[in-house]
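These notes concern the structure reproduced below.
Side-chain atoms are counted along with the backbone in the values below, which use heavy atoms only and exclude waters and symmetry mates. All of these numbers come straight from a predicted model, not from anything done at the bench.
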Amino acid sequence: MLRLVFMGSDAIAVPMLEALAGDPRVQWVGAFTQPDRPAGRGQKTEPGPIRQWAERRNLPVFQPEKLGEPELRELKALRADVALVMAYGRILRPEFIDAPRLGTLNVHVSLLPKLRGASPIQTAVASGERETGVSLMRIVPELDAGPVAATESVPIGPLDTASEIEAKLAAACIPLLSGAIDPLAAGTLRFVDQISEQATFCRRLEKSDGRVDFALPAAALAARINGLFPWPCCSVAINGQTVKLGLADVAPDRPDAPVAPGAVFGIDRDGLLVSTGRGVLRLRRLQRPGGKMLPAAEFVRGFAIPDGTIIPSETMAPLVGREPFPRKST
């Protein structure tokens with residue numbers, strides 16, 4: 001039986017953790033996760049999803065602000081065969097990586113070497129990718145650059161937002177790990193080096209990434225809107241109010257489409273039609289300040305957007321690069 005310790009902080013890992021908890025080949029021995037933080041409108045401090053999972057399983061939980069010598073002793077005391085890391089939000093020093101008998105593995109939510117970095121789920125959708133996935137890799141000092149043992153692919157549909165893709169990726173982690181348990185225990189799990197020349201990088205997202213430039217093609221805008229939902233969420237100014245955009249796609253070309261990018265010219269059964277630099281953008285879900293995210297037809301019943309309205313454009317910052325994005329000073 002393989003003794004595993006988990007190191008992570010995001011709810012995306014919970015389906016995988018639950019599945020492996022029911023696997024007779026595996027024994028969870030503990031979890032490291034970030035300290036509880038204030039969250040929600042009331043900024044109430046509540047246990048995070050990994051702590052909740054571990055406590056339901058009566059596992060020891062460690063929530064250090066920093067990983068130092070006391071935490072290293074605690075990790076070693078668990079006598080884990082493998083540490084499994086996913087969305088922990090901590091950089092592990094070599095002594096932590098080497099502490100488990102068989103080392104430390106990381107689950108990264110992209111098909112490496114694509115989209116190394118902090119926002120691979122949102123960026124894959126927002127960049128118009130038609131496929132993404134999860135990768136099981138060894139941790140090395142360079143960002144998400146370790147050799148890869150296995151991957152599971154997930155298709156991205158034209159109406160998938162980051163929320164739907166996150167759920168699909170969470171489910172894909174289960175066969176990814178299940179298939180690796182036996183060779184990992186036997187010491188035969190094969191790792192293949194990434195081709196660094198094929199690497200792309202994504203960065204931590206900011207609220208300002210929700211800007212929309214209607215001079216760009218409709219396909220690029222629909223991908224951006226869907227990929228950045230629910231956060232940071234694209235938004236535009238209409239009639240002096242900030243309107244959030246929750247879902248979009250490309251509508252069939254119309255001969256009556258205005259030339260001016262950002263011009264509204266009607267609504268069909270699926271959404272509000274807006275002219276762009278190339279093609280027609282259909283805004284399917286919108287939200288006014290203090291309101292709910294609504295289908296376009298319902299939204300415009302309470303928030304009139306006359307034909308000919310010009311929605312202002314704003315410059316959109318790139319989300320993908322060929323080199324790691326520099327970290328901003330705080």
Minimum heavy-atom distance Lys76-Ala99, with the two atoms named: CG-CB, 4.1 Å
Derivation of the side chain to side chain contact (heavy atoms under 4.5 Å, CB included) call for Leu105 and Leu184: CA-CA 10 Å; Leu105 303 183; Leu184 182 58; 4.0 Å; yes
Side chain to side chain, Val107 and Leu177, heavy atoms closer than 4.5 Å: yes
In one Ile/Leu/Val/Met/Phe/Trp/Tyr side-chain cluster, 4.5 Å: Met86, Ile165: yes
Any side-chain heavy-atom pair of Leu67 and Phe96 under 4.5 Å: yes
Check against salt bridge (Lys or Arg N to Asp or Glu O under 4.0 Å), Arg116 and Glu142: CA-CA 10 Å; Arg116 300 176 182 176; Glu142 187 180 350; 3.7 Å; yes
Step-by-step salt bridge (Lys or Arg N to Asp or Glu O under 4.0 Å) determination, Arg51 to Glu55: CA-CA 6 Å; Arg51 175 183 163 185; Glu55 289 179 343; 2.8 Å; yes
Heavy-atom check, side chain of Arg254 versus side chain of Leu273, under 4.5 Å: yes
Salt-bridge contact Arg138-Asp193 (side-chain N to carboxylate O under 4.0 Å): no
Worked check of salt bridge (Lys or Arg N to Asp or Glu O under 4.0 Å) between Glu18 and Arg57: CA-CA 10 Å; Glu18 286 288 350; Arg57 294 282 174 181; 2.7 Å; yes
Arg269 atom CZ, neighbour heavy-atom count above 12 within 6.0 Å: no
Inter-residue atom distance Leu84.CG - Phe6.CZ, 0.5 Å rounding: 6.0 Å
Nearest atoms (heavy-atom pairs only) where Ala80 meets Val29: CB-CG2, 4.2 Å
Identified side chain to side chain donor-acceptor pair (under 3.5 Å) counterpart of Lys114 within the set Glu129, Glu131, Gln194: Glu129
Side-chain (Ser153) to main-chain (Gly133) donor-acceptor, under 3.5 angstrom: no
Heavy-atom neighbours of Arg37 CZ exceed 12 at 6.0 Å: yes
Point-to-point distance, once rounded to the nearest 0.5 Å, from CG of Leu228 to CG of Leu245: 10.5 Å
Reported CG-to-CD1 distance for the pair Leu20 and Ile181, which is rounded to 0.5 angstrom: 5.5 Å
Donor-acceptor pair, side chain of Thr104 and main chain of Ile97, under 3.5 angstrom: yes
With sequence neighbours excluded, residues passing salt bridge (charged side-chain N to carboxylate O under 4.0 Å, His left out) with Arg3: none
Arg288 to Phe303, cation-pi by 6.0 Å centre distance and 45° axis angle: no
Leu319 side chain reached by Asp209 side chain, heavy atoms, under 4.5 Å: yes
Closest non-hydrogen atom pair between Gly262 and Phe214, with its separation: N-CB, 3.4 Å
Nearest-0.5 Å distance that lies between atom OG in Ser163 and atom CH2 in Trp231: 13.5 Å
CZ on Arg282 to OG1 on Thr276, rounded to 0.5 Å: 13.0 Å
Between CG on residue Leu115 and CD1 on residue Ile121, distance to nearest 0.5 Å: 11.0 Å
Lys244 atom NZ, over 12 foreign heavy atoms within 6.0 Å: no
Arg204 atom CZ, over 12 foreign heavy atoms within 6.0 Å: no
Criterion side chain to side chain contact (heavy atoms under 4.5 Å, CB included) on Phe299 and Val243, from CA distance to verdict: CA-CA 10 Å; Phe299 178 85; Val243 174; 3.8 Å; yes
Donor-acceptor under 3.5 Å (Arg224 side chain, Met316 main chain): no
Candidate pair Val274 and Leu283, rule side chain to side chain contact (heavy atoms under 4.5 Å, CB included), full reasoning: CA-CA 8 Å; Val274 184; Leu283 302 178; 3.9 Å; yes
4.5 Å side-chain heavy-atom contact, Ile267 and Val300: yes
Any donor-acceptor pair under 3.5 Å from Thr33 side chain to Gly8 backbone: yes
Main-chain N/O of Ile12 paired with Asp10 side-chain donor or acceptor, under 3.5 Å: yes
Gln34 side chain reached by Arg90 side chain, heavy atoms, under 4.5 Å: yes
Nearest heavy atoms of Pro64 and Phe62, plus distance in Å: CD-C, 3.3 Å
Hydrophobic cluster membership, Val82 vs Leu92, 4.5 Å side-chain cutoff: no
Side chain to side chain contact (heavy atoms under 4.5 Å, CB included) between Ser235 and Arg211, intermediate numbers included: CA-CA 6 Å; Ser235 60; Arg211 297 168 177 163; over 6 Å; no
Phe325 versus Phe201, closest heavy-atom pair with distance: CE1-O, 3.3 Å
Hphob cluster co-occupancy, Val5 + Leu136, side-chain heavy atoms under 4.5 angstrom: no
Validation row: Val236, Thr242 side chains within 4.5 angstrom (heavy atoms): no
Thr161 and Glu164: side chain donor to acceptor below 3.5 Å: yes
Common cluster, Val14/Leu176, ILVMFWY with side-chain heavy-atom separation under 4.5 Å: yes
Audit row: Arg73, Glu95, salt bridge (Lys or Arg N to Asp or Glu O under 4.0 Å) steps and yes/no: CA-CA 11 Å; Arg73 289 194 294 270; Glu95 56 265 36; over 6 Å; no
Residue pair Val134 / Leu111, side-chain heavy-atom distance below 4.5 Å: no
Ser127 and Thr123 side chains, donor-acceptor separation under 3.5 Å: no
Contact summary for Ala222 and Asp249, nearest pair of heavy atoms: CB-CA, 3.7 Å
Verify same cluster id: Val212, Val280 (apolar side-chain graph, 4.5 Å): no
